[in-house]
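Worksheet: one structure, shown below.
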Amino acid sequence: MSAGEAAAGPGDAVPSLVKDAARDTYTPSARRLERERFKRTRARRATAVAAGSTLITGVVLFLAVVNSPGWPRTRETFLNGHYAREALPKVLDGLWLNLRLLVVCGAAVLVLGLLIAVARTLRGPVFFPLRALATAYTDFFRGLPLVICLLMVVFGVPALRLQGVTTDPVLLGGTALVLTYSAYVAEVFRAGIESVHPSQRAAARSLGLSARQTLRFVILPQAVRRVVPPLLNDLVSLQKDTGLVSIAGAVDAVYAAQILSSKSFNYTPYVVAGLIFVALTIPMTRFTDWVTARTDRRRAQGGIV
């Protein structure tokens with residue numbers, strides 16, 4: 001027997017034994033059992049109603065589509081199995097370009113967007129030209145349609161005939177994507193930076209941190225953590241918009257589908273390309289929803305400052 005057990009004495013074990021016995025003999029009351037049974041019944045009823053209504057809606061939509069006058073022609077033009085099997089390998093080859101653009105452009109957008117956001121939040125009159133330039137950049141590229149930006153960069157830059165400037169449509173198309181999405185991401189970062197309470201900055205400065213150290217070690221970590229869900233939403237949009245580089249002539253998934261459709265005058269390859277993009281987007285969307293819900297729970301529990 002240890003010294004602690006000896007010091008405790010036999011009388012101190014009585015409350016513990018009583019608690020254990022009470023725990024072992026506890027039985028829920030009839031009212032609690034009835035409440036739990038009611039909750040289970042209501043949950044099963046709600047699930048059955050939701051499944052039934054979904055099934056009925058699906059059947060009605062299916063019958064409305066297949067019984068329409070133009071359904072046979074539509075099925076042959078857009079849902080042809082032969083052309084789908086023929087298009088799938090070539091569309092997947094083109095998709096590899098879209099994925100590379102997503103990775104490279106996504107990283108560049110995050111870096112450039114963060115720099116623009118920091119420039120817009122710099123304090124002091126000496127930084128006014130930098131703030132004005134960052135504001136003009138975000139206002140211009142947020143207002144400019146992405147398609148027009150792609151056309152201007154892809155066809156305008158080669159027309160300048162500048163020495164050492166690439167004319168590769170993939171690089172130019174990726175540049176247009178970075179220019180446009182950096183403006184949106186910069187506003188997301190700026191919102192995160194401005195959402196940090198001023199007391200955080202004041203506390204950091206009172207501890208002897210410089211303005212640069214305060215921004216790097218106090219403000220930015222909190223701001224970035226808060227804007228992860230909207231950043232993931234922008235990443236989902238970027239994934240879809242990588243297909244617009246086909247305007248420049250880059251053979252991605254969309255352009256591969258266009259080539260096949262122009263040969264057969266059948267639009268099934270477009271449907272195949274669209275379904276592939278949807279299959280890639282849905283997991284990212286669900287992951288974004290999970291991150292958003294997790295962030296909300298942690299904020300509600302006080303886990304995020």
Side-chain angles (χ1 to χ4, degrees), residues 101-154 156-157 159-166 171-235 237-238 241 291-292 295 298-299 303-305:
L101 281 172
L102 173 64
V103 174
V104 176
C105 294
V109 163
L110 290 176
V111 174
L112 182 58
L114 181 59
L115 292 177
I116 296 172
V118 170
R120 288 201 63 181
T121 56
L122 291 176
R123 301 182 176 184
V126 69
F127 295 113
F128 174 78
L130 192 58
R131 291 197 301 269
L133 183 62
T135 303
Y137 177 92
T138 55
D139 290 344
F140 179 78
F141 282 103
R142 288 176 70 196
L144 185 68
L146 177 56
V147 175
I148 296 179
C149 182
L150 278 164
L151 293 174
M152 292 174 59
V153 173
V154 170
V157 172
L160 296 175
R161 298 182 180 180
L162 300 175
Q163 295 293 330
V165 177
T166 182
L171 296 179
L172 294 176
T175 301
L177 291 173
V178 171
L179 290 175
T180 299
Y181 271 89
S182 295
Y184 290 99
V185 171
E187 288 300 285
V188 173
F189 277 126
R190 185 172 72 91
I193 292 173
E194 293 181 350
S195 68
V196 179
H197 198 273
S199 61
Q200 298 287 319
R201 189 185 300 269
R205 296 303 302 272
S206 66
L207 292 175
L209 273 69
S210 63
R212 181 183 302 179
Q213 291 173 331
T214 300
L215 181 65
R216 177 182 176 184
F217 296 110
V218 178
I219 304 300
L220 285 183
Q222 298 183 56
V224 172
R225 187 165 58 244
R226 294 181 179 185
V227 299
V228 167
L231 287 178
L232 291 176
N233 284 326
D234 287 335
L235 184 63
S237 299
L238 177 62
D241 287 340
V291 172
T292 303
T295 303
R298 291 183 61 188
R299 183 177 289 111
I304 298 179
V305 179

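Bear in mind that the values here come from a model prediction, so they are computed numbers and not experimental data.
- Rounding to the nearest 0.5 Å gives a distance of 11.0 Å between CG of L209 and CG of L215.
- Side chains of L235 and L102 form a contact here, defined as non-hydrogen atoms less than 4.5 Å apart.
- Between A108 and V178, the shortest heavy-atom distance links the atoms CB-CG2, 4.0 Å.
- Listed here is the closest heavy atom pair of P221 and R216: CD-O, 3.2 Å.
- Residues T138 and A186 come closest through the heavy atom pair CG2-CB, 4.1 Å.
- Here the closest heavy-atom approach between residue L110 and residue F189 is recorded as O-CE1, 3.7 Å.
- Rounded to the nearest 0.5 Å, atoms OG1 (T214) and CZ (R205) are 5.5 Å apart.
- Distance check: Y181 OH to L112 CG gives 15.0 Å after rounding to the nearest 0.5 Å.
- L231 CG to L114 CG: the interatomic distance, rounded to the nearest 0.5 Å, is 9.5 Å.
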Evaluate the criterion side-chain contact (heavy atoms from CB on, under 4.5 Å) for residue pair I219 and R201; output intermediate values, then yes/no. CA-CA 7 Å; I219 304 300; R201 189 185 300 269; 4.1 Å; yes
V157/L162 under side-chain contact (heavy atoms from CB on, under 4.5 Å): CA gap, chis, key distance, verdict: CA-CA 8 Å; V157 172; L162 300 175; 5.5 Å; no
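- Nearest heavy-atom pair, G173 versus L150, reported as atom, atom and distance to 0.1 Å: O-CD2, 3.6 Å.
- Here R120 contributes atom CZ and T135 contributes atom OG1; the two are 3.5 Å apart, rounded to the nearest 0.5 Å.
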Any chance you could lay out the side-chain contact (heavy atoms from CB on, under 4.5 Å) test for L130 and L122, step after step, and finish with the verdict? CA-CA 8 Å; L130 192 58; L122 291 176; 3.6 Å; yes
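- Summarising the geometry, atom CG belonging to D234 is positioned 9.5 Å from atom OH belonging to Y184; distances are rounded to the nearest 0.5 Å.
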List the steps, then state whether side-chain contact (heavy atoms from CB on, under 4.5 Å) holds for V227 with I193. CA-CA 9 Å; V227 299; I193 292 173; over 6 Å; no
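- Counting all heavy atoms, side chain and backbone alike, A183 lies closest to F141 at CB-CB, 3.8 Å.
- For the pair Y137 (side chain) and L179 (backbone), a donor-acceptor distance under 3.5 Å is present.
- Between the side chains of T121 and R190, not a single donor N or O lies within less than 3.5 Å of an accepting N or O.
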